[in-house]
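Take a look at the structure set out below.
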There are 2 protein chains.
Amino acid sequence: MNEQDFLAAYDPRAYPAVAVTVDVVALTIRDGAAHLLLIRRGEQPHAGLWALPGGFVRPDEDLVAAARRELAEETGLDGEPLRRVHVEQLASYGAPDRDPRMRIVSIAHLAFAPDLPDATAGTDADEAVWVPVAELTNRQLAFDHGQIVADGLERARAKLEYTPLATRFLAPEFTIGELRAVYETVWGHQLHAGNFHRKVLSVPGFVESTGASTERGGTRGGPRARLYRAGDARLLHPALLRPAREETVR
Amino acid sequence: MNEQDFLAAYDPRAYPAVAVTVDVVALTIRDGAAHLLLIRRGEQPHAGLWALPGGFVRPDEDLVAAARRELAEETGLDGEPLRRVHVEQLASYGAPDRDPRMRIVSIAHLAFAPDLPDATAGTDADEAVWVPVAELTNRQLAFDHGQIVADGLERARAKLEYTPLATRFLAPEFTIGELRAVYETVWGHQLHAGNFHRKVLSVPGFVESTGASTERGGTRGGPRARLYRAGDARLLHPALLRPAREETVR
DNA sequence: TCGGTCACTCTCATTTAGAGAACATCTCGA
DNA sequence: TCGAGATGTTCTCTAAATGAGAGTGACCGA
């Protein structure tokens, strides 16, 4: 322990300043494809690259509150629609050189939002755009945001297995088919409609019936579907497991 | 946005300083009971209370590296034994009032260690003690460390379901019975020995046989058991699921 | 030497998941 | 208006995984 470390043990101000930010991996599903909220950076470093929405945590603000505030500022969301967005902490990123300006530790958050109307111009939501996740492959993101997004997507896939959070991508009332589409989009492969139906209805507290049905059948035909809303379960038991993915296991 | 916020958007130093620390929830299993590494605080605030080992992140140090360093300092571990300890990020805690002195954001980490000899006196590992987790109920920990420990224990229980990390609580070679004891301790209930045995051997990459057996039977009788070491799987598939816990689901 | 413990294997019943199909209802275009 | 095709929902059959119980034999300590 050198002298600086020794002093710092008593007074962290003996170290160079550290800044704490939040970044948000906000996901939604639009036109059957996963979309991610991104901002085009206007300034150095990484000017012109896409980056996650985020910013400094304010002195009187909890971490999740900061993430919600950033999300609200960038999307123009507020009130009930904002309340319907699920936000949770994802992980923290603090490699010493992740930002060339200074030591910045970012507390990344993960958000699941229903398909929202685009932020109206004139609000703070200047540059935020919902970008299809599929377009991100090989596209460079600012800082370590590529890694953060990858971690967020993997977390999202896992969360759908054992939580009912898939419903957060949908309107308050939804059909089993719409719910299945969420799973297929996030997991990236087709599911057996009949088995999915059976499973969803068999997991206690996942969905509850509204008694109503859709006004019309699907755009390409088919009968009207029954409408459900999210149930009171916070965890799915037994979980909906993804098929084995041998490659990721080892 | 007030003027301070406005300035801070460009220069975080316009805000009061924020400090970043790491705290470590280090778990081990000793005498068939889960133990947690704690330190008795010598100074205010919370002098005399038990607290998690932790400290400030140094300028050139990654977050996990800081956690490993703190763990090493407090346990006196080093080299190969330290390398066998599993350390992963748990979550970040940043409520504005969690430390009365200043705004401190703590990146909590979770560590799984094999049963280690107690830190020898004379090292830096002054005050760190392995405390049985069972003794913690109702005992007050410093700051929000009670919540951090609770989150860490829940994460540990979940991790044993879908990762082979239970092996990190054991020596490099272990018997199925010892592995089962880890699960029983962390999950807090008995498992069916025969079914557990079948399951562990059927999950690809969980354990691999050494070909050897223990020198002697168990202390209370029974045959010599075959020895295994950890396999190459990073995820267990299919997972070892805990029995349903109805109460935690809703 | 004996009772008891434990590793390991096996059987059987139950539950859960995978696959395919039946059937009714609906949309859309011919 | 009619028919093709799509979809929601339910069912059947099979395979796989799990829970529970028991048997066998090695081993310890008394």
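Per chain, numbering begins at 1; letters A, B, ... match sequence-line order.
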Looking at the side chain of B:Leu201, which of D:dA20, C:dA19, C:dT9 is the nearest nucleotide?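 Minimum distance to the B:Leu201 side chain belongs to C:dT9.
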Please tell me which of the listed nucleotides, C:dC28, D:dC27, D:dT10, lies nearest to the side chain of B:Arg224?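 Selected nucleotide: D:dC27.
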Decide yes or no, distance alone: a donor-acceptor N/O pair under 3.5 angstrom between the base of D:dG8 and the side-chain of A:Arg180.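 There is none.
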Over 60° means perpendicular and under 30° means parallel, so tell me whether B:Phe206 and B:Tyr183 are parallel, tilted or perpendicular.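 Geometry flag for B:Tyr183 against B:Phe206: perpendicular rings.
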Does [N] have OP1 or OP2 under 4.0 Å away from a side-chain N or O of [X]?
| X | N | value |
| --- | --- | --- |
| A:Arg198 | C:dG20 | no |
| B:His197 | C:dC8 | yes |
| B:Lys199 | D:dA17 | no |
| A:Arg220 | C:dC26 | no |

When the distance from CZ of B:Phe196 to P of D:dA20 is rounded to whole Å, what number comes out?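 In whole Å, D:dA20 P lies 16 Å from B:Phe196 CZ.
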From NE2 of B:His192 over to C1' of D:dA17, roughly how many Å is that when rounded to an integer?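 Distance, rounded to whole Å: 14 Å.
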I'd like to know if B:Arg69 pairs up with B:Glu73 as an ion pair, taking the criterion as any Lys NZ or Arg NE/NH1/NH2 lying under 4.0 Å from an Asp or Glu carboxylate oxygen.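 Here B:Arg69 pairs with B:Glu73 in a salt bridge, since their nearest N and O are under 4.0 Å apart.
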I'd like to know if B:Arg224 pairs up with B:Glu215 as an ion pair, taking the criterion as any Lys NZ or Arg NE/NH1/NH2 lying under 4.0 Å from an Asp or Glu carboxylate oxygen.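 B:Glu215 and B:Arg224: not salt-bridged.
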Tell me which of A:Gly194 and A:Pro223 sits closer to the 5' end of DNA chain C, going by the nucleotide each one is nearest to.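 Here A:Gly194 is the residue nearer the 5' end.
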